[in-house]
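Values below: all heavy atoms of this structure, side chains included; hydrogens, waters and symmetry mates excluded. Remember, it's 1-based here, ligands and their atoms both numbered in the order they're listed.
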Amino acid sequence: MDFAPELVQYLRKADRFAALTGAGASQESGLRTFRDAQSGLWAQYKPTELASPEAFARDPKLVWDWYAWRREAVKSVRPNAGHYALHELAQRVPHFTVITQNVDGLHEFVKQESLKVSETFRDYPILELHGNIQRVRCSECGAFTEEWGDDSEFVPRCGGCGGLLRPDVVWFGEALPRSALEAAVESARRCDVFLSIGTSGLVQPAASLGFAAHNRGALVIEINLEPTPLTPKADYFFQGRSGEILPELVQAVWG
Ligand code: BV8
Ligand code: ZN
């Protein structure tokens, strides 16, 4: 893919970068997006119905099992070239923030992997707006737990208070973690370059970040398989796979 010389020049000189990622950024790792029809046992359910406090209250076992299935799926996949390209970007530019809607922890996985092997590792924030499916907490007292009995009959309960355990993710209708959201808004407002990657831009308040960046004069680059509500405001819209386009962009600018 060719990138406009003026874009390449601008990116080489830019100081503050923010990248918002959605399920599309993990799709090439083999994880379904929310728009993809679910498979097998879960085909009959819509994710937006299962990812809610109401669904958990109505049928905690069904929701617990759905997340247990997704947790196993996440454990079985690897980051893709798009995740690695974003990490490379974070090592090459002065200021970089990853803002992710994904709960799969793949951005963090790449960072931890690099930390172990790289002498010149440069740290950067990864803001998990919607939590992390690998973390489990008590739905009553909020205590986190690393292990729980895998009882096929019942949802495991908190060792401290006996409350039902739940995944540490943000369900529809639940507030986002305040510190992550505030940091994300700040980063979107202050950045010179905002990348929106693999997100349909339908879920709020994450979807408002690209507009906030645009309104503050940031250069907005969108990489997605399809146009989204942000596309009309994007300075550059690269329609295609993030696992292909991101490495090419990083190579063209910082190669
Ligand atoms: C809140 C964790 C208030 C759980 C998730 C009406 C209007 C506006 C807003 C609302 C409304 N009614 C309700 C709301 C609010 C609601 C919302 O936005 N609803 C939407 C559906 C209308 N938002 C909330 O409820 C939020 N909370 O507002 O709280 C509040 C405030 C104070 C106090 C109390 C309450 C909470 C939202 C978070 C929900 N949790 N995830 C879990 O994962 O199980 S959201 C979940 O869905 C994902 O995390 C993700 O964010 C979202 C799916 O979006 P995407 O990531 O974009 O994925 P999607 O599949 O949609 O798109 C993928 C894109 O990638 C596609 O465009 C595709 O073309 C592209 N693609 C695919 N492959 C590739 C690719 N692109 C590039 N390369 C590829 N290879
Ligand atoms: Zn508890």
Response to the item:
Taking only non-hydrogen atoms of G198 and a 4.0 Å limit, the atoms of ligand 1 in range are 63 (C), 64 (C), 65 (O), 76 (N)
Worksheet entry | atom 76 (N) of ligand 1 [closest protein heavy-atom partner, distance rounded to 0.1 Å] | L225 N, 3.3 Å
Worksheet item: Any nitrogen or oxygen of H130, main chain or side chain, under 3.5 Å from a nitrogen or oxygen of ligand 1?
Response: yes
Discussion item. Pairs of nitrogen or oxygen atoms closer than 3.5 Å, one from Q204 and one from ligand 1: do any exist?
Written reply: yes
Worksheet item: ligand 1 versus V203, non-hydrogen atoms closer than 4.0 Å: side chain, backbone, both, neither?
Response: both
Practice prompt. Would you check whether P47 reaches within less than 4.0 Å of ligand 1, judged by its heavy atoms?
Written response: no
Worksheet item: Counting only heavy atoms on the protein side, is anything nearer than 4.0 Å to atom 10 (C) of ligand 1?
Response: no
Discussion item. Quick check: S242 and ligand 1, any N/O pair under 3.5 Å apart?
Written reply: yes
Worksheet item: Are F238 and F3 close enough that their ring centers fall under 6.0 Å?
Response: yes
Worksheet item: Does ligand 1 have a heavy atom under 4.0 Å from the side chain of Q27, from its backbone, from both, or from neither?
Response: side chain
Worksheet item: For atom 59 (P) of ligand 1, what's the nearest protein heavy atom and its distance?
Response: R35 NE, 3.2 Å
Worksheet item: Hey, which atoms in ligand 1 end up nearer than 4.0 Å to a heavy atom of R70?
Response: 42 (C), 43 (O), 44 (O)
Worksheet item: Relative to each other, are the rings of W254 and F17 parallel, tilted or perpendicular (30° and 60° limits)?
Response: perpendicular
Fill in: Non-hydrogen protein atom less than 4.0 angstrom from atom 7 (C) of ligand 1
no
Worksheet, complete the sentence: atom 22 (C) of ligand 1 sits nearest the protein heavy atom L202 O, 3.9 Å
Fill in: Heavy-atom pair of closest approach, residues P229 and L202
CG-CD2, 4.3 Å
Item to complete: Tell me which protein heavy atom sits closest to atom 21 (C) of ligand 1, plus the residue, atom name and distance to 0.1 Å.
Response: F172 CE2, 3.9 Å
Worksheet, complete the sentence: the protein heavy atom lying closest to atom 71 (N) of ligand 1 turns out to be G24 CA, 3.6 Å
Worksheet item: With the threshold set at 4.0 Å, does a side-chain nitrogen-carboxylate oxygen contact exist between E72 and K75?
Response: yes
Discussion item. Quick check: V170 and ligand 1, any N/O pair under 3.5 Å apart?
Written reply: yes
Worksheet item: Taking only heavy atoms of G240, which atoms of ligand 1 are found under 4.0 Å from at least one of them?
Response: 77 (C), 78 (N)
Item to complete: Flag the pair L31 / L106 as yes when at least one side-chain heavy-atom distance between them is below 4.5 Å, and no otherwise.
Response: yes
Worksheet item: Considering only the protein, which heavy-atom contact is closest to atom 49 (O) of ligand 1, and what is its distance?
Response: Q101 O, 2.8 Å
Worksheet item: Nearest to atom 55 (P) of ligand 1, what protein heavy atom do you find, and at what distance?
Response: A23 N, 3.8 Å
Fill in: Residue G22 vicinity, atoms of ligand 1 by number, heavy atom under 4.0 Å
56 (O)
Worksheet item: With a cut-off of 4.0 Å, which atoms of ligand 1 are near a heavy atom of A175?
Response: 32 (C), 33 (C), 34 (C), 35 (C)
Item to complete: Flag F34 as yes when one of its N or O atoms lies below 3.5 Å from any N or O atom of ligand 1, and as no otherwise.
Response: yes
Item to complete: Examine T48 against ligand 1 and note whether any of their N/O atoms are separated by less than 3.5 Å.
Response: no
Item to complete: Of all the heavy-atom pairs spanning C191 and A218, show the shortest one and how long it is.
Response: O-CB, 3.3 Å
Discussion item. Please report whether ligand 1 has a polar contact with G173, defined as an N or O pair separated by less than 3.5 Å (distance criterion only).
Written reply: yes
Discussion item. Does any part of the side chain of V110, heavy atoms only, come nearer than 4.5 Å to the side chain of L86, both counted from C-beta?
Written reply: no
Worksheet item: With a 4.5 Å heavy-atom cut-off, do F172 and E54 have their side chains touching?
Response: no
Worksheet item: If we only count heavy atoms from C-beta on, is the L230 to N224 side-chain gap below 4.5 Å?
Response: no
Discussion item. At less than 4.0 angstrom from any non-hydrogen atom of E226, what atoms of ligand 1 do you find?
Written reply: 66 (C), 67 (O), 68 (C), 69 (O)
Practice prompt. Grab the two heavy atoms, one from E128 and one from R135, that are nearest each other, plus how far apart they are.
Written response: OE1-NH1, 3.3 Å
Discussion item. Under a 4.0 angstrom heavy-atom cut-off, which atoms of ligand 1 come close to Y67?
Written reply: 4 (C), 42 (C), 44 (O)
Item to complete: Check whether the ring centres of F109 and H83 lie less than 6.0 Å apart, and answer yes or no.
Response: no
Worksheet item: Should E28 be counted as touching ligand 1, given the test is an N or O pair under 3.5 Å?
Response: yes
Worksheet item: Which residue owns the protein heavy atom closest to atom 29 (O) of ligand 1, what's the atom, and how far is it?
Response: E174 O, 3.1 Å
Item to complete: Describe, in one word, how the ring planes of W148 and W64 are oriented to each other, choosing from parallel (under 30°), tilted (30 to 60°) and perpendicular (over 60°).
Response: perpendicular
Worksheet item: Around E6, counting heavy atoms of other residues, nucleotides and ligands shown, do more than 12 lie under 6.0 Å from its CD?
Response: yes
Worksheet item: Is the ring centre of F56 less than 6.0 Å from the ring centre of W171?
Response: yes
Worksheet item: Cationic tip of R71 within the cone over W69's six-membered ring, i.e. under 6.0 Å and within 45° of the normal?
Response: no
Discussion item. Within the protein, is there a heavy atom lying under 4.0 Å from atom 14 (C) of ligand 1?
Written reply: no
Fill in: K233 charged N/C atom sitting above F211 aromatic ring, 6.0 Å / 45°
no
Worksheet item: Counting each atom of ligand 1 from 1 as listed, which ones have a heavy atom of A51 under 4.0 Å away?
Response: 44 (O)
Item to complete: Indicate the atoms forming the closest heavy-atom contact of A19 with I197, along with that distance.
Response: CB-CD1, 4.3 Å
Worksheet entry | Exercise: identify the closest heavy-atom pair between A85 and V250 | O-CG2, 3.7 Å
Worksheet item: Would you say I197 touches ligand 1, if touching means a heavy atom closer than 4.0 Å?
Response: no
